[in-house]
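Written below as structure tokens is the structure these notes are about.
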Amino acid sequence: MAHFRINGQQPLDGEISVNGAKNAALKFIAASLMFDGPVTLTNVPNIEDVRRMLSIIAELGATVAYEPEKNYVRIDPCTVTNFEITEEMAKKIRTSIMLVGPLLWRFGKACIGYPGGCVIGRRPIDLYLKGYQRFGAELRVDGDTFEFVAPELHGMTFIFPVISVVATETFMLMASRVSGTTVLKNAAQEPEIDDLIDFLNEGGARISRNGSIITIVGVATLSQSKPYTIAPDKIEAATYAVLGIASGGDVTVSSIPEHFIKSFNETLIKIGAGVEDKGNGAWRYFHQPMIATDIETGPYPEFVTDWQPLMAVLLTQAKGVSTIHERIFENRFSYMEELRKLGAKISYIEKDIPDPDTHYHFNFDPEKEYQQTIQIQGMHKLHGAVLNVSDLRAGATLAIAALISKGQSYIHGIHHLQRGYEHFVEKVKALGGDIQEL
Ligand code: EPU
């Protein structure tokens, strides 16, 4: 199996241009099936998850022209004939669940196996099942297969009991073509949501967002008049920012709007890391002495869960004891044991008794025990080790950790990282990192 060999402790310097957001591109691919004609997307990241999502819609019959090196894709949804997402297709990627919406709208029926995705928690699909039924679909569950029949779809009101990014997006794109008005309350507010709204509205949809309330009036046609450029990736931006700071280097990340990474930058400034706004969406990140802090993840615009593994590496180099409290997923510390192999002093806090007044964002069960908080003792020198990656962001985290460690590291399971990072090895090398894919 492919793996990375990394020789650490080179300060990384230079400029990185961030690619289009994975977590936007995947939804645009699903949304393209709601259009009446071909859709062209640019700034599509050249990553495994995009290939997986495109392969699923191609199996459904869509005509797909993908030029990964040009970050270009053209999708013609008019050739879709298949309404069945088999278990094998669904397991490829969690966003396969979004495709039920377009299939229901096109055929009045759809079928899907249980979707896959990173193992960072239970990853339930109850919200999707409820939402599809609220749009008017009937559901039949046969083992791990979900069959929907929709004689007629209509708008609905949905109050999210737990904020969900992909479920918000799924209901938005579906609502844009069903009769009547849909109102989504306590909806997600990520920049990727606004990007999807802009994309659909450019095609003729009628969607407006007011804070956490999204209103969608169904329209009779959706058609694209010019290619749509996907907005940049706020998680990739944070990855290279952390790499620059933690390695003792100086990295400028270009083309990322301020509000995409506001709470991330604020946290960096709080711990003393170097952050400079160079204007026009360019941000310079550089090393300065850092102090410990306490971080809690939350839905955007709070500090998002995807940034916490990256921050954990940075906090190994900050003076004092830091804590990270994860509130979105139940199992997002898989990287912890691996960081310990490098010499990091990092552990679950001994008494992690959840506060019943804390608003948990996963379906919190007060009867169950959770370990949601880690503590990191800073300023320990890290050394090379053999590491195993078990999810996408853990992959980037461990690569950064190896890059700041003394000596050689080997990282296995890099296919997880390649699901979401375009040309990771080339970009790190361009900044001066010693990394090889073997
Ligand atoms: N949830 C439910 N029921 C559902 C769906 C979600 O209880 O039916 C819960 C989840 O268990 C979780 C919470 O809701 O506790 C929030 O999960 P959400 O649905 O928002 O996650 P997601 O939409 O599946 C997206 C990103 C993740 C990112 C989260 C942040 C995509 C493709 N994925 O996942 O990105 O961490 O939002 O909320 O947009 C990544 O890029 O590495 C990644 C995992």
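First listed ligand is number 1; within each ligand, the first listed atom is number 1. Everything numeric in this text was worked out from a predicted model, so none of it was measured.
- Checked by atom type, the side-chain pair Glu422/Asn71 shows a donor-acceptor distance below 3.5 Å.
- Using a 3.5 Å distance cut-off with no hydrogens or angles, the side chains of Glu302 and Ser263 do not pair a donor with an acceptor.
- Between Lys22 and Asp233 there is no salt bridge, since no side-chain nitrogen of the basic residue lies less than 4.0 Å from a carboxylate oxygen of the acidic one.
- Each of the atoms 32 (C) of ligand 1 lies under 4.0 Å from some heavy atom of Thr95.
- Scanning the protein for heavy atoms near atom 7 (O) of ligand 1, the closest one is Asn363 ND2, 3.1 Å.
- Scanning the protein for heavy atoms near atom 25 (C) of ligand 1, the closest one is Val165 CB, 3.9 Å.
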Would you list the atom pairs, donor with acceptor, under 3.5 Å between side chains in residues 91-109 and any protein atom, with sequence neighbours excluded?
unit_1	atom_1	unit_2	atom_2	d
Lys91	NZ	Tyr114	O	3.2
Lys92	NZ	Ser55	OG	3.0
Lys92	NZ	Glu59	OE2	3.4
Arg94	NH1	Arg123	O	2.9
Arg94	NH2	Pro124	O	2.9
Ser96	OG	Ala90	O	3.0
Ser96	OG	Ile93	O	2.7
Arg106	NE	Leu33	O	2.9
Arg106	NH2	Leu33	O	3.0
Arg106	NH2	Phe35	O	2.9

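- Under the 4.0 angstrom criterion for non-hydrogen atoms, Glu169 is not in contact with ligand 1.
- Among protein heavy atoms, the minimum distance from atom 19 (O) of ligand 1 is reached at Ser164 OG, 2.6 Å.
- Summary of contacts: the protein heavy atom closest to atom 3 (N) of ligand 1 is Asp126 OD1, 2.8 Å.
- Note on ligand 1: Ile163 sits in its first shell, one or more heavy atoms being nearer than 4.0 Å.
- Ring geometry for Tyr132 against Phe171 counts as perpendicular: the plane angle is over 60°, on a 0 to 90° scale with 30° as the lower cut.
- On a distance-only criterion, Asn23 and ligand 1 share at least one N/O pair closer than 3.5 Å.
- Salt bridge status for Glu147 with Arg140: present, with a side-chain N to carboxylate O gap under 4.0 Å.
- At least one heavy atom of Pro124 sits closer than 4.0 Å to an atom of ligand 1.
- Every atom of ligand 1 with a heavy atom of Asp306 under 4.0 Å away is listed here by number and element: 27 (C), 28 (C), 35 (O), 36 (O), 40 (C), 41 (O), 42 (O), 43 (C), 44 (C).
- For atom 14 (O) of ligand 1, the nearest protein heavy atom (residue, atom name, distance) is Val162 CG1, 3.2 Å.
- Between Glu330 and ligand 1, no N or O atom pair is found at a separation short of 3.5 Å.
- Under the side-chain hydrogen bond (donor to acceptor under 3.5 Å, both in side chains) criterion, Glu330 pairs with Arg122, sequence neighbours left out.
- For Phe158 and Phe160, the gap between ring centers is short of 6.0 Å.
- Close approach of ligand 1 to Val166 is summarised as follows: ligand atoms under 4.0 Å from at least one heavy atom of the residue are 22 (P), 23 (O), 31 (C), 32 (C), 39 (O).
- Contacts with ligand 1 closer than 4.0 Å are made by heavy atoms of both the backbone and the side chain of Ile328.
- For atom 42 (O) of ligand 1, the nearest protein heavy atom (residue, atom name, distance) is Arg393 NE, 2.9 Å.
- Residue contacts with ligand 1 for Glu192 are absent, since no atom lies close enough (heavy atoms, distance under 4.0 Å).
- Note on Arg51 versus Glu48: salt bridge recorded, some NZ/NE/NH1/NH2 to OD/OE distance being below 4.0 Å.
- Between Glu192 and Lys27, none of the side-chain N atoms (NZ, or NE/NH1/NH2) sits under 4.0 Å from a carboxylate O, so this pair counts as no salt bridge.
- The pair Glu236-Lys427 counts as a salt bridge, with a side-chain nitrogen and a carboxylate oxygen less than 4.0 angstrom apart.
- The aromatic rings of Tyr421 and Tyr240 lie perpendicular to each other, with more than 60° between the two planes, well past the 30° mark.
- Nearest protein heavy-atom neighbour of atom 21 (O) of ligand 1: Phe329 CZ, 3.7 Å.
- Side chains of Glu190 and Asn23: a donor-acceptor N/O pair is absent below 3.5 angstrom, by distance only.
- With ligand atoms numbered from 1 in the order given, ligand 1 contributes 3 (N), 4 (C), 5 (C), 8 (O) to contacts under 4.0 Å with heavy atoms of Leu127.
- Contact annotation for Glu236 and ligand 1: no heavy atom of the residue comes within less than 4.0 Å of the ligand.
- Below 4.0 Å from some heavy atom of Thr305 lie the following atoms of ligand 1, by number and element: 30 (C), 36 (O).
- Nearest protein heavy-atom contact of atom 39 (O) of ligand 1 is Lys27 NZ, 2.8 Å.
- The six-membered or imidazole ring of Phe28 lies near that of Tyr228, with a centre-to-centre distance under 6.0 Å.
- Ionic pairing of Lys262 and Glu266 is present here: one or more N-O contacts between side-chain nitrogen and carboxylate oxygen are shorter than 4.0 angstrom.
- Those atoms of ligand 1 with a heavy atom of Lys22 less than 4.0 angstrom away are 40 (C), 41 (O).
- Listed by number with element, the atoms of ligand 1 under 4.0 Å from a non-hydrogen atom of Ile125 are 8 (O).
- Taking every non-hydrogen atom of Leu392 and a distance limit under 4.0 Å, the qualifying atoms of ligand 1 come out as 42 (O).
- For Arg94, every heavy-atom contact with ligand 1 shorter than 4.0 Å involves the side chain, none the backbone.
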